[in-house]
Amino acid sequence: MPRFFLTTAIDYANGEPHLGHALEKIGADAIARLHRQLGYDVHLLIGMDEHGQKVAQTAEAQGVPPQQFVDNIAAIFQAMWARLGVRYDQFIRTTSPEHKAAVARLIEQIFAADASLPENQRNFYERSYTGLYCVGCESFKQPADIVDGKCATHPTRTLEEVTEHNWFFRLSAYTQRLKQLFADNPSFLEPESRRNEILQLLEQGLDDISASRSRFDWGVPFPRPLSNGDVQTTYVWFDALPNYWTARFFPGYADKAAWPANLHVIGKDITRFHTVIWPAMLMAAGEPLPGQVWAHGFISLGGERFSKSAGVKLTLDEAIERYGVDAFRYYLLRDVPYDGDGSFSWERFEEVYNSDLANTLGNLGSRSVAMIEKYRAGVVPAAAPEAELFAAHRVSLAQARAAVDGERRHRPNEVIGALMDVARRTNEYIQRTQPWVLAKDPANAAQLDVVLATLASSLAHCAAWLAPVMPDKMQVLWTQLGGSGDVAHARLDKPIDVGGWHVSKGSPLFPKPETPPAAT
RNA sequence: GGCUGGGUAGCUCAGAUGGUGAGAGCGCACGACUCAUAAUCGUGAGGUCGAGGGUUCGAUCCCCUCCCCAGCUACCA
């Protein structure tokens with residue numbers, strides 16, 4: 001059984017989960033579930049990035065010890081993932097002893113490699129860093145952040161020139177090897193638009209980066225002191241990024257999280273870290289590289305962008321409560337192309353819910369089950385589905401397959417599109433064959449058998465393929481059709497035989513709300 | 001400023017190595033049907049394919065200029 005180890009970005013424990021977090025996790029969850037149903041041995045890693053100055057500051061502002069603060073945030077995130085049906089296999093936290101020990105291990109691995117290199121080529125070296133420091137932000141500012149000689153966010157403060165002595169990582173030495181990586185393996189980073197940006201960056205050449213910092217201590221102590229004896233704190237690159245690699249050092253995960261991962265799912269804002277710094281670190285440590293980095297787009301709300309640090313304008317609770325978790329997952333995955341940006345609006349949500357879920361899919365389920373009950377006492381005839389219709393269905397399913405692990409991989413919205421084609425085509429088929437007319441004359445019994453078997457089979461495929469998107473609702477549909485057990489165990493790469501299944505009509509899968517929802 | 005990708009029906013988008021009538025879904029209008037969640041099916045609506053110029057027998061798709069949008073341009077994560 002092929003394994004598929006995928007990760008999502010670990011979320012910064014500085015606030016509550018919002019729409020942007022949800023998009024990434026739901027997308028990764030759908031990708032993971034699709035792979036499970038295609039027979040992969042899947043390991044989905046999710047977690048929290050809990051160190052750094054901001055977390056320490058926020059905790060202090062709330063008068064809480066930092067560990068207690070991040071424990072609380074982590075619990076909130078995990079509760080949200082549970083609520084959203086995000087089924088991860090491992091939840092990693094950078095404050096875990098296992099992670100901290102493994103970070104030190106990775107750094108030591110690089111030092112070990114350095115031992116055989118001439119001094120001017122060693123990955124880690126000490127250097128003074130001089131920059132303009134904003135007291136307001138408590139961080140160094142880059143030229144882009146500076147307006148008229150002042151920090152853009154604290155224009156009343158004076159920027160101070162501050163010098164720090166740190167451990168540095170010789171990122172500049174990897175420019176050529178990274179170029180080679182992208183030349184040899186273009187799909188290392190997708191989508192292509194993001195890859196182009198990184199290639200451009202590499203053309204400009206890379207600067208070395210800090211590996212340790214002195215101004216905060218909420219983090220992993222850098223394993224080696226500076227020559228002056230100071231022990232500094234491991235900087236974010238060497239603390240957060242390695243979580244994908246340190247996951248296997250947690251008890252019970254040595255095999256499941258065995259390095260390398262097949263896929264890193266990240267937001268487009270952190271592409272550079274994952275496709276330049278992270279591979280360089282791994283090269284320095286002599287570790288294999290992850291299979292692929294997939295940089296998804298963002299979702300906006302009324303034109304305002306969501307990011308990890310943006311304010312919350314829409315609570316996930318509101319979005320979930322409107323039409324239920326599964327409808328929310330469907331809407332996000334269907335309307336936000338994973339390789340592009342999308343926007344959230346209540347009007348659009350309602351439109352998608354009514355059109356796709358209630359009218360096309362939900363109603364197809366209702367009418368099909370009703371007819372099987374009415375005309376065949378609830379038993380799906382053991383006839384072969386109609387050949388021509390299924391030939392068309394198979395084309396759609398092949399497209400869906402390609403959107404999982406084929407040419408168009410990691411595009412859940414295309415899986416959804418293909419299955420909606422199946423549903424629409426099946427509705428047309430009903431209209432064309434008019435089973436209610438066939439049912440009036442017993443001479444048409446064989447023909448009616450074919451039609452009803454075709455409907456049940458079409459729906460079973462919809463349920464199986466859309467289960468990764470809407471786990472609960474598709475389980476209900478599957479059960480209504482008479483499918484046994486867990487729809488999540490239905491294989492997508494094998495035919496589904498529905499002959500003899502006992503259908504049972506329930507309440508509508510996607511009921512329309514009694515009163516129209518409030519406008520945005 | 002530099003670089004990259006875009007600007008196609010009301011909305012979200014697909015598409016053509018340049019050539020009979022430019023497509024899909026949704027929304028809308030009209031018609032059909034009744035198995036079904038007043039659902040479904042069919043038909044239609046006529047969008048200067050961002051603006052101007054050029055190449056060509058012919059461009060929305062090629063070239064040039066311009067306008068607009070998004071992203072990237074490296075130590076908050």
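Numbers restart at 1 for each chain; the letters A, B, ... are given by sequence-line order, proteins then strands. These values consider heavy atoms only, across backbone and side chains, with no hydrogens, waters or symmetry-generated copies.
A gap of 15 Å separates the P atoms of B:rA22 and B:rG50, to the nearest Å. Here the separation of B:rA39 from B:rA32, taken at their C1' atoms, is 14 Å to the nearest Å. Separation of the P atoms belonging to B:rA59 and B:rG19 is 12 Å when rounded to the nearest angstrom. Using P as the reference atom, B:rA51 and B:rG7 are 12 Å apart when rounded to the nearest Å. For the P atom pair drawn from B:rG6 and B:rG15, the interatomic distance equals 11 Å after rounding to whole Å. Here the separation of B:rA9 from B:rG54, taken at their P atoms, is 26 Å to the nearest Å. Rounded to whole Å, the P atom of B:rA45 lies 11 Å from the corresponding atom of B:rG23.
In this structure, a donor-acceptor pair under 3.5 Å is absent between the side chains of A:S396 and A:D421. A donor-acceptor contact under 3.5 angstrom links the side chains of A:S458 and A:H393, judged on distance only. A side-chain N or O of A:E126 and one of A:H165 form a donor-acceptor pair less than 3.5 Å apart.
The distance from atom CZ of A:R272 to atom C1' of B:rG71 is 13 Å, rounded to the nearest whole Å. The separation between A:E190 atom CD and B:rG71 atom C1' is 18 Å, rounded to whole Å. In this structure, the CG atom of A:L206 is 14 Å from the C1' atom of B:rC72, given to the nearest Å. Separating the NE2 atom of A:H296 from the P atom of B:rG71 is a distance of 14 Å, rounded to the nearest angstrom. Distance, A:E414 CD to B:rA24 P: 19 Å, rounded to whole Å. The CZ atom of A:R194 sits 14 Å away from the P atom of B:rA70 (whole-angstrom rounding). Atom CG of A:L364 is separated from atom P of B:rA36 by 14 Å (rounded to the nearest Å). Counting to the nearest Å, the C1' atom of B:rA24 and the CD atom of A:Q399 are 12 Å from each other.
Residue contacts shown for A:L509 include a base, since a base heavy atom lies under 4.0 Å away. Looking at heavy-atom distances under 4.0 Å, A:G205 makes contact with a base. Using a 4.0 Å heavy-atom cutoff across all strands shown, A:D207 reaches at least one base atom of the nucleic acid. Using a 4.0 Å heavy-atom distance criterion, A:N166 is classed as making no nucleic acid contact. At a threshold of 4.0 angstrom between heavy atoms, the contacts of A:G362 include nucleobase atoms, whether or not backbone atoms are also involved.
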Note to self: Set out, in order, the CA-CA distance, both residues' side-chain angles and the distance that settles side-chain hydrogen bond (donor to acceptor under 3.5 Å, both in side chains) for A:R127 and A:S210, then state yes or no.
What the structure shows: CA-CA 9 Å; A:R127 197 180 99 182; A:S210 298; over 6 Å; no

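A salt bridge between A:E373 and A:K505 is absent, with no side-chain N of the basic residue lying under 4.0 Å from a carboxylate O of the acidic one. Electrostatic pairing of A:K179 and A:E203 counts as a salt bridge here, judged by a charged N lying under 4.0 Å from a carboxylate O. Ion pairing between A:K100 and A:D239 fails under the 4.0 Å rule for side-chain N and carboxylate O.
When distances run from any side-chain atom of A:N363 to the nucleotides B:rG71, B:rA36, B:rU73, the shortest one goes to B:rA36.
Residues that satisfy the ring pair (Phe, Tyr, Trp, His ring centres under 6.0 Å) test with A:Y330, not counting sequence neighbours, are absent from this structure.
Between A:L357 and A:A240, the one whose closest nucleotide on RNA chain B sits nearer the 5' end is A:L357. The nearest heavy atom of RNA chain B to A:K505 and to A:I209 marks one nucleotide each, and the one closer to the 5' end goes with A:K505.
Side chain of A:R424 to main chain of A:T360: no donor-acceptor pair is present (N/O by atom type, distance under 3.5 Å, no hydrogens or angles). In terms of modelled atom types and a separation under 3.5 Å, the side chain of A:W237 and the main chain of A:I209 share no donor-acceptor contact.
What you find for A:G15 and A:F77 is that their closest heavy atoms are O-CE1, 3.1 Å.
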Notebook entry, point to check: When every nucleotide of nucleotides 25-35 of chain B is labelled 5' to 3' by its protein contacts under 4.0 Å (heavy atoms), B for base, S for sugar-phosphate only, - for none, what sequence of letters results?
Noted result: SS------SSB

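Checking the phosphate oxygens (OP1, OP2) of B:rG71, no side-chain nitrogen or oxygen of A:K268 falls inside 4.0 Å.
Helical stems involving RNA chain B, defined as 3 or more consecutive Watson-Crick or G-U pairs under 3.5 Å, span B:1-7 with B:67-73, B:10-13 with B:23-26, B:28-32 with B:40-44, B:50-54 with B:62-66.
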